[in-house]
Amino acid sequence: MCMIRIYSLIVCFLLAQIGRSQPTEHRLQSPDGKLELVFTQKEVSPGKRQMTYRVDYLKKPVILESGLGVQIDNHVFEHAMAHKVTTPPGTLGVNWCDNLTIKNVVKTTKDTTWKPVYGERSKIRDHYNQLDIQLQKEDSPDYELHVILRTYNEGIAFRYFFPEHPKGLYYRVMAENSEFTLPAETKAWYTAWAQGAYQKLPLAAWPETSERPLTLALLNGLYVSLAEAELTDYAMTKFKLSPDKPNTIITSMYESADLMSDVGTPWRVVMVAERPGKLLENNDILLNLNPPATVANTDWIKPGKMMREVTLTTEGAMSCIDFAAAHNLQYILFDWKWYGPAFTFQSDARQVVAPIDMPKVIAYGNEKNVGVILYVNLQALYKQMDQIFPLYKKWGVKGVKFGFVEVGSHRWMTWLTEAKRKALANNLMVNIHDEYRPTGTSRTYPNVMTQEGIRGNEEFPDATHNTILPFTRYLAGAGDYTICYYDKRLKNTHAHQLAMNVISYSPLQSVFWYDKPALYNGEPEIEFFANVPTVWDDTRVIHDAIGEYVTIARRSGNDWFVGTITNNDGRMLKLPLDFLPKGKTYTAHIYSDDPAVATKTQVRVATQIVKAGQSLDMNLLPRGGQAVWLTPVR
């Protein structure tokens, strides 16, 4: 009996070792069955098990086997010591995810539809399958980690989640080991900083880390974009190349992040599409990965167009308000220095030092249905936020433009989240400028209308750059491109600039950025600025040749607005009108470049009766474009 028992124990031990040496796979498909995510925990060396994943689309490889994990220093605060918690061996500042044991796997499915306060679409479907893989340390079962995996029709997402520890532990995430191994010969649209130009590069010899979203072209014809969602309480991440694994991109944290469980990291997102235009049409995946807003009343959140007042005088403001009212612009902005030098803590953002009678201007704007937005730089925000937000609400100010915010560190990212929340509590819309890029958090904080993090008309980029933006930066959400029209430094045609009002999604759209009302000489095409909305019921990408030409059609109510731009080369294109409802006739107001037009902007305005099934011929000049407003014939 004793020998039989020993034999049985040996067999059980051997079976356990064999089981441990074999990959443990969990498969998760997208709702439409096209995408498949495979999670694996397998032994990579004696005594060392690691987590990996891979992604396929219709059996085509998207992400090859790639590592998962985080490096944790989970014993850094005196709070943990007070409870006499001992750190498990080998967990301090190393890959905490090695040698975890799967405790449980929970599969769920969600399929709902929700209405955003505003957006590129009036309805958003949130449809995914999810695996919650619950793991624990073998020698310390109180230490748990969940890897949450989701598959959408639009892509996949994953995050690491730390459930609440029974002894109240804090966690310090030192680094992420999330890998994205791509098929050979993948190309990336790379930029090193949020306001930088793009280069199409192989996955080798990048000069530094890359911004996100990071859009990739695979040799098998698929397009992928790596993105981040729900960055609120964490350090910002970018992407870097693996030093020892070819064709592999790694999540690169700006610094460590101190977290208190229960808490999850931001989502790592892999968007997948058969053509680049679908990436933009499907970018609601980032909003879906954020929690809904909790604010009950959003009636005061009003998207619109904004003109910058550049004189910082009462007279200039009155003139700007008159121009805005005449051309259906909803806001004027007093940019920096209205309260003094911006880069010093000595300036007081409660006081108007420029020759502006602020109460008079705000009252005059209210008469004309034109609101006032105020620029406030980081120093004043940091020092006076709790005082100035209630004050601006009392003044009747509609919003605040945050200037030169710090991004990157855990401290500043959480500070920015708190600033959004406090502005929301005071009924203030927000425009965040400089290096900040969105991660879908406008679903939670719908008062954050737009943000920069884009190379726009402050830098006067060329036309080629603009044809790349819809498939890179704009995948992340609204971008304040600060559209100019009359400035002599523009590199692109005026019809190109008109079309950018459709190409560039921004619920708070800055137009006439470096311009003054006096520059307007009755150019007829300015009616397009008056009629084009800033938020949409539907968005379609018609042409999507990245770096060459782009056409985007957006619907507001029964009207459609179409923007087409080309790169630095001229070309002939056809605009198919298949997006129009069948059986209805439309008047097409067409705004195109024409050197024969005797105005300083040389934009021809023409009308044509059209219907679905037809197409419009477009003769695009180098660096040119065309804007079209389609309204039903009544």
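For the side-chain hydrogen bond (donor to acceptor under 3.5 Å, both in side chains) with His433, the lone residue among Glu452, Gln195, Gln451 that qualifies is Glu452. In summary, of the residues considered (Ile552, Asn283, Asp284), a side chain to side chain contact (heavy atoms under 4.5 Å, CB included) with Thr539 occurs for Ile552 alone. None of Arg604, Glu527, Gln626 except one satisfies the side chain to side chain contact (heavy atoms under 4.5 Å, CB included) rule with Tyr591; the exception is Glu527.
With rounding to the nearest 0.5 Å, the separation of SG in Cys320 from CE in Met307 is 4.5 Å. Atom CZ of Arg421 and atom CG of Asn447 lie 11.0 Å apart (nearest 0.5 Å). Atom CG of Leu573 and atom OG1 of Thr564 lie 7.0 Å apart (nearest 0.5 Å).
In this structure, the ring of His127 has its center no less than 6.0 angstrom from the ring center of Tyr152. Taking the six-membered ring where the residue is Trp, the centroids of Trp629 and Phe528 are separated by 6.0 Å or more. Taking the six-membered ring for Trp and the full ring otherwise, the centers of Tyr474 and Tyr505 sit at least 6.0 Å from each other. Not less than 6.0 angstrom separates the ring centroid of Phe471 from the ring centroid of Tyr223.
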Inset, instruction - Go through the steps to decide whether Glu281 and Arg540 satisfy the test salt bridge (charged side-chain N to carboxylate O under 4.0 Å, His left out), and finish with yes or no. - result: CA-CA 6 Å; Glu281 292 178 355; Arg540 312 278 184 89; over 6 Å; no
Inset, instruction - Go through the steps for Lys401 and Asp335 under the test salt bridge (charged side-chain N to carboxylate O under 4.0 Å, His left out), then give the verdict. - result: CA-CA 8 Å; Lys401 175 183 170 183; Asp335 217 338; 3.6 Å; yes
Inset, instruction - Determine, stepwise, if the pair Lys278 / Asp544 fulfils salt bridge (charged side-chain N to carboxylate O under 4.0 Å, His left out). - result: CA-CA 9 Å; Lys278 277 293 180 183; Asp544 55 2; over 6 Å; no
Inset, instruction - Take Arg121 and Asp538, measure what salt bridge (charged side-chain N to carboxylate O under 4.0 Å, His left out) needs, and give me the verdict at the end. - result: CA-CA 5 Å; Arg121 293 150 209 95; Asp538 194 8; 5.3 Å; no
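In this structure, a donor-acceptor pair under 3.5 Å is present between the side chains of Arg571 and Thr566. Checking Asp537 against Ser556 by side-chain atom types alone, no donor-acceptor pair falls below 3.5 Å. Judged purely by distance below 3.5 Å, without hydrogens or angles, the side chains of Thr439 and Glu230 never pair a donor atom with an acceptor atom. A donor atom on one side chain and an acceptor atom on the other are found under 3.5 Å apart for His496 and Asn466.
Distance alone, capped at 3.5 Å, is enough to place a donor-acceptor pair between the Arg473 side chain and the Ala478 backbone. A donor-acceptor distance shorter than 3.5 angstrom exists from the side chain of Asn153 to the backbone of Asp32, with no hydrogens or angles considered.
Contact annotation: the side chain of Tyr485 approaches that of Leu498 to within less than 4.5 Å [non-hydrogen atoms, C-beta and beyond]. Contact annotation: the side chain of Val562 approaches that of Phe579 to within less than 4.5 Å [non-hydrogen atoms, C-beta and beyond]. A heavy-atom distance below 4.5 Å is found between the side chains of Trp114 and Pro116. Contact annotation: the side chain of Ile373 never approaches that of Ile332 to less than 4.5 Å [non-hydrogen atoms, C-beta and beyond]. At a threshold of 4.5 Å between non-hydrogen side-chain atoms, the residues Leu289 and Val269 count as touching. Taking the side chain as every heavy atom from C-beta outward, Val628 and Phe561 never approach each other to under 4.5 Å. A heavy-atom distance below 4.5 Å is not found between the side chains of Asn328 and Asn531. A 4.5 Å side-chain heavy-atom check between Asn220 and Pro61 finds at least one atom pair inside the cut-off.
Cation-pi geometry between Arg489 and Phe460 is not satisfied (NZ or CZ under 6.0 Å from the ring centre, within 45° of the ring normal).
Aromatic ring orientation, His543 versus Tyr549: perpendicular (interplanar angle above 60°, classes split at 30° and 60°). Between Tyr520 and Phe323, the two ring planes are perpendicular [angle over 60°; tilted spans 30° to 60°]. Using bins of under 30°, 30° to 60° and over 60° for the plane-to-plane angle, the ring pair Phe512/Tyr486 lands in the parallel bin.
Of the charged side-chain nitrogens involved, none lies within less than 4.0 Å of a carboxylate oxygen, so that Arg623 and Asp462 do not count as a salt-bridged pair.
Environment of CD in Gln29: crowded, with over 12 heavy atoms of neighbouring residues, nucleotides or ligands closer than 6.0 Å. The 12-atom threshold is exceeded at NZ of Lys491, counting heavy atoms of other residues, nucleotides or ligands nearer than 6.0 Å.
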